[in-house]
Amino acid sequence: MTDQKDKQIDDTQYKRDRQIWRANSVKKNRKTAFAVFIIFLASLFAGVVLLNQSRTIALNFEKARLEEKIKKLTIANTQAESELVENINLEIVRKAAVEMGLMEPAAKQIRILVLPEEDTLEIDKADNGK
């Protein structure tokens with residue numbers, strides 16, 4: 001009977017120890033799961049930040065490329081305008097005007113205007129620009 005009581009006591013003690021061990025394991029598992037979750041959230045946040053930074057850098061490179069292209073096109077446009085002005089032959093324009101029925105202006109009809117460096121065009125709103 002003593003052996004049976006000892007065995008019952010041992011079984012009871014074993015069950016309590018087992019319950020305590022399970023409770024401690026559950027607590028450890030919860031802490032571990034929470035730590036993994038926090039690490040996951042931090043990694044996700046860092047990933048989003050890095051993704052945004054990489055997009056910003058890519059857009060900055062694209063902006064610089066477009067600005068360089070605009071600069072080159074502006075230079076090319078200025079050169080084309082200069083060539084156009086150099087290639088205009090006023091004598092050909094004068095002959096074409098005479099052929100269309102226009103006459104050379106008399107000396108009294110020519111007026112030279114001195115304009116300030118900046119001049120503006122103002123349209124009368126009553127005329128609606130006509």
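This one's a predicted model, so the numbers in the text were calculated from it and none came from an experiment.
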Which residues end up grouped with Phe45 if you chain together Ile, Leu, Val, Met, Phe, Trp and Tyr wherever their side-chain heavy atoms are less than 4.5 Å apart? Val49
Apart from Phe61 itself, what residues make up its hydrophobic cluster, given side-chain heavy atom links below 4.5 Å? Ile57
Pairs under 3.5 angstrom only: tabulate donor-acceptor contacts from the side chains of residues 83-91 to other protein residues two or more places apart or in another chain.
{"residue": "Asn87", "atom": "ND2", "partner": "Glu83", "partner atom": "O", "Å": "3.1"}
{"residue": "Asn89", "atom": "OD1", "partner": "Glu91", "partner atom": "N", "Å": "3.1"}

Report, one line per pair, each donor and acceptor closer than 3.5 Å where one atom sits in a side chain of residues 95-115; sequence neighbours left out.
{"residue": "Glu104", "atom": "OE1", "partner": "Arg94", "partner atom": "NH1", "Å": "3.2"}
{"residue": "Glu104", "atom": "OE2", "partner": "Arg94", "partner atom": "NH1", "Å": "3.4"}
{"residue": "Gln109", "atom": "OE1", "partner": "Ala106", "partner atom": "N", "Å": "2.7"}

Validation: residues 64-71 side-chain donor-acceptor distances under 3.5 Å, sequence neighbours left out:
{"residue": "Arg65", "atom": "NE", "partner": "Glu62", "partner atom": "OE1", "Å": "3.4"}
{"residue": "Arg65", "atom": "NH2", "partner": "Glu62", "partner atom": "OE2", "Å": "2.6"}

Side-chain donor-acceptor distances from residues 27-40 under 3.5 Å, at least two apart:
{"residue": "Asn29", "atom": "ND2", "partner": "Ser25", "partner atom": "O", "Å": "3.3"}
{"residue": "Thr32", "atom": "OG1", "partner": "Lys28", "partner atom": "O", "Å": "2.8"}

